[in-house]
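Quick notes on the structure that follows.
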Number of protein chains: 2
Amino acid sequence: MYHAIAQDIIKAIVAGEYETKLPTEKALMTQFDASRTTIRRAIDVVFRHGLLRRVQGSGNFIVKQPQNSATVLNLSIGFDRAAMVAGGPLISKVVTFDRIKADEQLAKQGNIAIGDELYRVIRLRYLQDQLYDLEESYFPRAVVPYLSEDGVQHSIFAFLRDAYGIYGSTTENYVHQVRLNATRAKLVGQPVGDKTMCLDGINYLASGIVFNFSKTFFVYPDLELYYHTENIDLQD
Amino acid sequence: MYHAIAQDIIKAIVAGEYETKLPTEKALMTQFDASRTTIRRAIDVVFRHGLLRRVQGSGNFIVKQPQNSATVLNLSIGFDRAAMVAGGPLISKVVTFDRIKADEQLAKQGNIAIGDELYRVIRLRYLQDQLYDLEESYFPRAVVPYLSEDGVQHSIFAFLRDAYGIYGSTTENYVHQVRLNATRAKLVGQPVGDKTMCLDGINYLASGIVFNFSKTFFVYPDLELYYHTENIDLQD
DNA sequence: ATTGATTTGTTCGTATGTATC
DNA sequence: GGATACATACGAACAAATCAA
């Protein structure tokens, strides 16, 4: 239930329904007919997505930075990232869609076993006719029994949710720079060996099983990856 | 209190005291003499730092990936990142330590007002004699009244904690690629114009005030920035 | 400037649901 | 099916920070 409330609040925020701060917890309790515990858990979720700054005694203030610019991608949102890109959804052009077996490298990348069958989806994605990224994405068939040519054109995660009720819970993200090999360089139209920002992501189900992993090469000019962290004091 | 428990658990994890999973919540309740609510909140914190995978009905499993390698930096931990770098703490060499006023660019970078007085600390940091990063860090004097030459040699955050009880709560992070200007290129020994991975961070107090912001240029070979995200289903 | 009301933060207890073993 | 273990939800109380009269 707190998930649903968190969704509603997030939608309200991105729709610009709140000027500077959220309604008080009390107000939200009556609005959603839920206990304070539940409301606070929902706010927790919104907060963790980098959309709020909480101030005790004062309120929950909307953070305005990351969504304003088309050059900022909020990774704290989690997958269906396309939905959160300012300037509209990303348009996909599928380059490769097939089934392969995991070699040693892919097994390591996806934290799975060698030889596991995978759907492979390679797509170029565009934001308003400007190339945004090259995405190489893999789905273990043990978890995703079928993926349609049609489904991979749009949001794959939306397809999995609707078709199988597959629902991701956590993602491990690794950001680094890689030098493009010839194939990738040609696809994105950059020189071979060019240092490109790359995001390796591994998506887990609540059960702890990998249902997707991917490499995303970002080529959109001046793109910034945003995320939000909380800190604790690791003092001795 | 749940903060303290979270710290203890994290320390135990990095010390390798748990093989594969945490004790059950019940066990932790007796160990720390706290209610289930408090224990769960503590586990929440640990989880958000990317150290656990939670599986209902089964347990909280230790995630082993990120800490094993010197080339992975776990940003979900928050600041005192040096403590979490495998291979020992980072050694700082202070390049610049002075006081300046924020110009337009710095004001924008740090989400502060133009003309605000700042401590500026520029350091090169090394991991076992290998250059790790170039860090340009700023502290508004309105929040940090004094910073000693001695304090900036080591962990500045530890200094602030001990001297003023200044304690960060949240960080906004922006990862992008920048081309090095002549000054920075010379400092890190890379060619001018080289694409370098850069982390812009803004650190907030619990009150919502900026107490630090920084640019970090990473030059350590094959370095990967790791962080952990939770996902929610933004379905319509 | 002090007081009192408001608002968020932390902790406890309890009950029920759901997934795993 | 039963036991174990984590997930969600409600209610209540007090603490701490902020805000307004």
Side-chain angles (χ1 to χ4, degrees), chain A residues 1-9 18 20-48 51-63 143 165-170 204-209 211 230-233, chain B residues 1-9 18 20-48 51-63 143 165-170 204-209 211 230-233:
Chain A
M1 180 179 179
Y2 74 90
H3 276 118
I5 297 176
Q7 278 182 47
D8 285 354
I9 294 175
Y18 303 121
T20 56
K21 50 193 284 194
L22 244 50
T24 65
E25 294 174 355
K26 203 172 186 178
L28 292 170
M29 282 169 71
T30 59
Q31 180 182 336
F32 289 103
D33 190 31
S35 69
R36 184 157 174 238
T37 314
T38 305
I39 295 297
R40 296 207 90 231
R41 296 203 60 176
I43 295 176
D44 275 345
V45 173
V46 181
F47 169 74
R48 272 179 246 139
L51 304 176
L52 294 178
R53 186 159 311 118
R54 310 175 99 166
V55 183
Q56 180 177 166
S58 183
N60 296 304
F61 296 86
I62 315 286
V63 173
V143 185
I166 287 179
Y167 185 97
S169 67
T170 66
Y204 292 86
L205 300 176
S207 61
I209 294 173
F211 84 96
E230 282 173 87
N231 305 291
I232 62 165
D233 195 12
Chain B
M1 182 179 180
Y2 72 90
H3 275 118
I5 297 176
Q7 278 183 44
D8 284 354
I9 295 175
Y18 303 120
T20 56
K21 52 191 283 195
L22 243 51
T24 66
E25 294 175 354
K26 203 172 186 179
L28 292 170
M29 282 168 70
T30 60
Q31 179 181 336
F32 289 103
D33 189 31
S35 71
R36 184 150 176 244
T37 314
T38 304
I39 294 297
R40 295 206 91 233
R41 295 205 62 176
I43 295 176
D44 275 346
V45 173
V46 181
F47 169 74
R48 273 179 246 138
L51 303 176
L52 295 178
R53 185 160 311 118
R54 310 174 102 164
V55 182
Q56 180 177 161
S58 183
N60 296 303
F61 296 87
I62 314 287
V63 173
V143 186
I166 287 178
Y167 185 97
S169 69
T170 67
Y204 292 87
L205 301 177
S207 61
I209 294 174
F211 84 96
E230 282 173 89
N231 305 291
I232 63 166
D233 195 11

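Below, chain A is the first sequence line, B the second, and so on; all start at residue 1. These figures come from a predicted structure and were not determined experimentally.
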>> Any carboxylate oxygen within less than 4.0 angstrom of a Lys/Arg side-chain nitrogen, looking at B/Arg48 and A/Asp44?
In response: no
> Which whole-number value in Å describes the distance from A/Leu52 CG to C/dT7 P?
Replying inline: 17 Å
> What is the distance, rounded to the nearest whole Å, between atom NZ of A/Lys26 and atom P of C/dA5?
Replying inline: 12 Å
>> Once side chain to side chain contact (heavy atoms under 4.5 Å, CB included) is applied, do any residues pair with A/Thr37, and if so which ones, sequence neighbours excluded?
In response: A/Ser35
>> Just the rounded figure in Å: distance from P of D/dT4 to CG of B/Asn60.
In response: 18 Å
> Does B/Ser58 reach the main-chain N or O of B/Val55 with its side chain, forming a donor-acceptor pair under 3.5 Å?
Replying inline: no
>> What is the distance, to the nearest angstrom, from the CG atom on A/Asp44 to the C1' atom on D/dA9?
In response: 14 Å
>> Within 45 degrees of the ring normal and closer than 6.0 Å to the centroid, is that where the cationic atom of B/Arg53 sits relative to A/Tyr204?
In response: yes
>> Once rounded to the nearest 0.5 Å, what's the spacing between atom OH of A/Tyr2 and atom CD1 of A/Ile9?
In response: 13.0 Å
> Separation of B/Ile209 atom CD1 from D/dT18 atom C1', in whole Å?
Replying inline: 13 Å
> B/Glu25 CD to D/dC6 P: how many Å, rounded?
Replying inline: 5 Å
> Is the charged tip of A/Arg54 near the ring of A/Phe61: under 6.0 Å from the six-membered ring centre and within 45° of its axis?
Replying inline: no
>> At under 4.0 Å between heavy atoms, how does the protein contact nucleotides 11-21 of chain C? Give one character per nucleotide, 5' to 3', with B, S or -.
In response: BBS---BBBBS
>> If I take atom CZ in residue A/Arg54 and atom P in nucleotide D/dA17, what distance separates them, rounded to the nearest angstrom?
In response: 16 Å
